[in-house]
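Values in this document were obtained by computation on a predicted structure and should not be read as measured data. For reference, positions follow the sequence shown, starting with 1.
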Amino acid sequence: MVEEGFIPKHQRAVVITAAGGPDVLHLVPGWPIPTLGADDVLIKVVAAGINRHDVHQRAAGPTREPNPVPGLEASGRIVACGKNVPQNRIGESVMALTDGGAYAEFVSTDQDLALPLPVGYDHIAGAALPEALFTTWFNFFELMRIKRGETALIHGGASGVGTLAIQVLRALGHDVFATAGTAEKREVARSLGCRAVFDYAAPDLSTQILAATDGRGVDTVLDTSAGAHLADDLEALAPGGRISHLSAGGGKSLALPLRALMLRRASITGGFLRSTPLELKRRLASALRAELWPRLSSDIRPVIDSTYDLDRVSAAHAHMETSRHIGKIVLKVSSS
C-alpha cells in the first residue's frame, strides 16, 4: 500500500565506498528505494541518528554488512506499507530502529520497530532516541534484569546511550552512577540525575564508587569500553552484581580476575543489538512503548550535541571520532 505519487524510483543515500575514514562516505543521487517485506513499512526520513557502530562499519568497508548505506535509527513519516501492515499507518510520524540504511531519503523497517513520535518531540529529537532506548532496555532489563531498588553504573555517561540511559533509569526509580573523561562531561551526567560521576581514568576508581555507595557497590554496570575498567568494575560490584558489555573491542579477549568474580557471585554478559532476532527486538519495542512512552514527553529528553545536513555526513563522522561530543549527533535528511 503506497501513498500515491509520493515515492520516486530513486533516492539520495550515503554509501560507504571503501574501507577508510570519513572521506569514503559518498552521497549517491541514484540509490534504489528499499523493497518492502510483508511486515515492513517505508519511512520518508527527516533525520537519522549517528552511532559509533556506523563509524566502525565505515572503517571496515562496504562489504562488512549487507547494506553499504549506514544508519541504525531514523525519524520521519510512513509512506508505504507491506501487505500485513494496516493501511492507516500511512502518514504516521514515527521514530524507528532500522537494520541499516537510515542515511538516506527512505528507509524500511519492521512495522513493530517503527514507534510513534512522542508528543512534543520534533524529528531531530526522535532520530536521537531509538538506538539508545533499545540499547538501554536490552542491556539493563533484558540481559542484566535490573530489579526495583537496584543501582546502575554507566561508563560513558555523556555519550548518546549514556545520557539517555541515565534518564530512563532515574525515571524508573533507580539510583545511577556514571563515569566520564572530562569535567564538562561529568557535569552533564550529573545534571541528568546521577548520584555521583567519576573520572574513569582515576587510579582509585573502585574505591570512589564503593565510598559513594556506602561500601555496598553497584548492582549493574554498563561497559562501553570493551572491558578497559573490568578490574575496577568487579571491585566495585555488589554481591550478585552484573556487568554488560556494548563493545567487543574488535575481538578483544578479557583477562578475568577470577577470585573477584567468584567472591561477588558476579555475572558478565553482553550482546549485539543489531544481530538479535527480530522477535526479541519486537519484544523490546513493546516493553519500551508500555513502560516509557508516557514518560518521554516530560521526564526523558535526548541530549543533542549537533546536527549536520546529509551532504556533510563526512564532517559529522569526523566530529564523532574526536570523542568530544556530548549526547547525540544527528543528520538532517529532509524538511518534512
Side-chain angles (χ1 to χ4, degrees), residues 1-82 85 89-111 113-114 123-124 126-128 130-131 274-275 278 307-320 329-336:
M1 300 173 185
V2 177
E3 186 175 350
E4 188 67 31
F6 186 81
I7 302 171
K9 293 182 179 180
H10 297 94
Q11 64 170 329
R12 294 186 309 148
V14 172
V15 178
I16 300 170
T17 58
D23 60 310
V24 305
L25 296 171
H26 288 183
L27 185 57
V28 175
W31 199 253
I33 303 294
T35 301
L36 295 186
D39 295 315
D40 292 341
V41 295
L42 183 69
I43 298 167
K44 184 178 189 293
V45 178
V46 176
I50 295 180
N51 292 281
R52 187 68 63 175
H53 172 278
D54 308 342
V55 172
H56 296 325
Q57 181 184 354
R58 184 212 73 221
T63 61
R64 169 178 167 166
E65 294 172 9
N67 193 344
V69 178
L72 300 177
E73 58 188 342
S75 68
R77 185 162 57 94
I78 293 176
V79 294
C81 297
V85 183
R89 293 206 67 182
I90 291 177
E92 181 182 340
S93 289
V94 295
M95 49 179 247
L97 189 73
T98 71
D99 191 22
Y103 290 17
E105 292 178 309
F106 295 89
V107 69
S108 63
T109 192
D110 181 80
Q111 61 174 322
L113 305 186
H123 284 290
I124 297 296
E131 182 71 16
R274 184 174 186 182
S275 60
L278 177 57
T307 60
Y308 290 81
D309 290 336
L310 189 62
D311 59 5
R312 298 193 65 237
V313 63
S314 294
H317 269 230
H319 179 43
M320 171 163 275
I329 303 170
V330 177
L331 288 175
K332 294 184 291 183
V333 178
S334 68
S335 59
S336 62

With sequence neighbours excluded, tell me which residues meet side-chain contact (heavy atoms from CB on, under 4.5 Å) with [X].
X    : answer
A315 : Y308, R312
T307 : I124, I304, V330, K332
H10  : none

May I ask you to test the V313-L27 pair for a side-chain heavy-atom distance under 4.5 Å?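 No; the side chains remain at least 4.5 Å from each other.
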Does the side chain of I50 come within less than 4.5 Å of L331's, by heavy atoms?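 They are in side-chain contact.
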[X] side, atom [atom1]; [Y] side, atom [atom2] - distance, nearest 0.5 Å:
X   : Y   : atom1 : atom2 : value
L25 : I16 : CG    : CD1   : 6.0 Å
I78 : K44 : CD1   : NZ    : 14.0 Å
L42 : I7  : CG    : CD1   : 5.0 Å
Q57 : T63 : CD    : OG1   : 10.0 Å

What's the shortest heavy-atom distance between [X] and [Y], and which atoms?
X    : Y    : value
V45  : A102 : CG1-O, 4.0 Å
A114 : A96  : CA-CB, 3.9 Å
V24  : A18  : CG2-O, 3.2 Å
A318 : P22  : N-CG, 3.9 Å
G82  : L36  : N-CD1, 3.9 Å
G100 : V107 : O-CG2, 3.7 Å

Mind checking what makes salt bridge (Lys or Arg N to Asp or Glu O under 4.0 Å) contact with R89, not counting sequence neighbours?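 So R89 forms a salt bridge (Lys or Arg N to Asp or Glu O under 4.0 Å) with E92.
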Partners of R12 by salt bridge (Lys or Arg N to Asp or Glu O under 4.0 Å), sequence neighbours excluded?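 R12 satisfies salt bridge (Lys or Arg N to Asp or Glu O under 4.0 Å) with E105 only.
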Sequence neighbours left out, what pairs pass salt bridge (Lys or Arg N to Asp or Glu O under 4.0 Å) with at least one residue falling in residues 93-102?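 Checked against salt bridge (Lys or Arg N to Asp or Glu O under 4.0 Å) - neighbours excluded - the pairs reaching residues 93-102 are D99-R274.
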Tell me, which pairs form a salt bridge (Lys or Arg N to Asp or Glu O under 4.0 Å) where one or both residues lie in residues 22-34, sequence neighbours left out?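 Listed once each, the pairs would be none.
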Run the side-chain donor-acceptor check on residues 66-75: report pairs under 3.5 Å with partners two or more places apart or on a different chain.
unit_1, atom_1, unit_2, atom_2, d
N67, OD1, V69, N, 2.9
E73, OE1, E131, N, 2.8
E73, OE2, N51, ND2, 3.0
E73, OE2, K328, NZ, 2.5
S75, OG, H123, O, 2.6
S75, OG, H123, ND1, 3.4

R64 side-chain N/O to R58 backbone N/O, donor-acceptor pair under 3.5 Å: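 Answer holds: no.
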Is T98 reaching over with its side chain to a backbone N or O of T109, donor-acceptor style, under 3.5 angstrom?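 The answer is no, because no donor-acceptor pair under 3.5 Å joins these two groups.
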Determine which pairs satisfy side-chain hydrogen bond (donor to acceptor under 3.5 Å, both in side chains) with at least one residue from residues 32-43, sequence neighbours left out, and list them in order.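 Those involving residues 32-43 are D39-N84.
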Check side chain to side chain donor-acceptor pair (under 3.5 Å) between Q11 and all other residues, then give those that pass, not counting sequence neighbours.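 Partners of Q11 by the side chain to side chain donor-acceptor pair (under 3.5 Å) criterion come out as none, since no residue qualifies.
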